[in-house]
Amino acid sequence: MKRFEIVTGPILVQDIIDKVIRAEAGAVNTFIGTVRELTKGKRTVFLKYEAYIPMAERQLAKIGDEISARWPGSRTAISHRIGSLDISDIAVVIAVSTPHRAEAFDACRYAIERIKEIVPIWKKEHWDNGEMWVGDQLETAAYSKGHPESEEDKND
């Protein structure tokens, strides 16, 4: 059972939760990221995600390690979908279990922020009047071809 993965098909939320459920946990918090229709005033028709899968899965596992260090007794599972996603499709599911609820909320928020910071996943938005590669998930670096073109870009 892989706890940190990039997938090409629909994500089943309960499967991700099942990866972190255990007797020591008094709380499980989940974050479910879905495709929204309106972004900055533009109507999205669908999104396309691409990833550098080996590095993306390593970075997801790194986030899990960071959470374990910051919130002892926690367990994390993250699945992020790539490919074409329609409005309301699930793009990412994060589940974190901890002994107490406050840590589960904090750790789950930490995970989604770190995904946007360090995981090499790129998004192309398709609107009803055009399309654009967004670049990194913080929207600070656009990649015209939808992915970094050099090793140096991969480390950005």
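Here the structure is a predicted model, which means the values were calculated and not measured.
Smallest separation of non-hydrogen atoms from Asn29 and Ala104: CB-O, 3.5 Å. Of all the heavy atoms in Pro99 and Pro72, the pair that sits closest is CD-O, 4.2 Å. Across every non-hydrogen atom of Ser74 and Ser68, the tightest pair is OG-CA, 3.5 Å.
The shortest side-chain heavy-atom distance between Lys123 and Leu47 falls under the 4.5 Å cut-off. Taking 4.5 Å as the limit, some side-chain heavy atom of His80 sits within range of a side-chain heavy atom of Tyr49. By the 4.5 Å heavy-atom criterion applied to side chains, Arg43 and Glu37 are counted as neighbours.
How far CD of Glu125 is from OG1 of Thr39: 4.5 Å, rounded to the nearest 0.5 Å. Separating the OG1 atom in Thr30 from the CD atom in Gln14 is a distance of 9.5 Å, to the nearest 0.5 Å. Taken to the nearest 0.5 Å, the CD1 atom of Ile87 stands 8.5 Å off from the CG atom of Leu38. Rounding to the nearest 0.5 Å gives a distance of 7.5 Å between CD1 of Ile63 and CD1 of Ile94.
Looking at Asp89, Val92, Val35 one by one, the single match for side-chain contact (heavy atoms from CB on, under 4.5 Å) with Arg81 turns out to be Asp89. If you run side-chain contact (heavy atoms from CB on, under 4.5 Å) between Ile78 and each of Val96, Ile115, Ile112, Ile6, only Ile115 comes through.
Annotation for Ile32: hydrophobic cluster partners, listed by chain and number, are Val7, Ile11, Val13, Ile16, Ile17, Val20, Ile21, Val28, Ile90, Val93 (ILVMFWY side-chain heavy atoms under 4.5 Å, direct or chained). Residue Val45 shares its hydrophobic cluster (ILVMFWY side chains chained together at separations under 4.5 Å) with Phe46.
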(request) List the steps, then state whether side chain to side chain contact (heavy atoms under 4.5 Å, CB included) holds for Phe4 with Gln59. (result) CA-CA 9 Å; Phe4 304 98; Gln59 294 297 80; over 6 Å; no

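For His100, the NE2 atom sits in a loose shell: 12 or fewer heavy atoms of surrounding residues, nucleotides or ligands are nearer than 6.0 Å. By the 6.0 Å contact criterion, NZ on Lys124 is enclosed, its count of non-hydrogen atoms from other residues, nucleotides or ligands being greater than 12.
Screening residues 58-67 for salt bridge (Lys or Arg N to Asp or Glu O under 4.0 Å), with sequence neighbours left out, gives Glu66-Arg114. Identified under the salt bridge (Lys or Arg N to Asp or Glu O under 4.0 Å) test for residues 93-111, with sequence neighbours left out: Arg109-Glu113. Residue pairs meeting the salt bridge (Lys or Arg N to Asp or Glu O under 4.0 Å) criterion with at least one partner in residues 14-26, sequence neighbours excluded, are Glu5-Lys19, Arg22-Glu24.
Considering only residues two or more places apart in sequence or on other chains, Lys2 meets the salt bridge (Lys or Arg N to Asp or Glu O under 4.0 Å) condition with Glu57.
Between Tyr110 and Trp71, the ring center distance clears the sub-6.0 Å criterion.
Remark: the backbone N or O of Thr76 is paired with a side-chain donor or acceptor of Arg3 at under 3.5 angstrom.
No path of Ile, Leu, Val, Met, Phe, Trp and Tyr side chains, each step under 4.5 Å between heavy atoms, connects Phe105 with Ile67, placing them in separate hydrophobic clusters.
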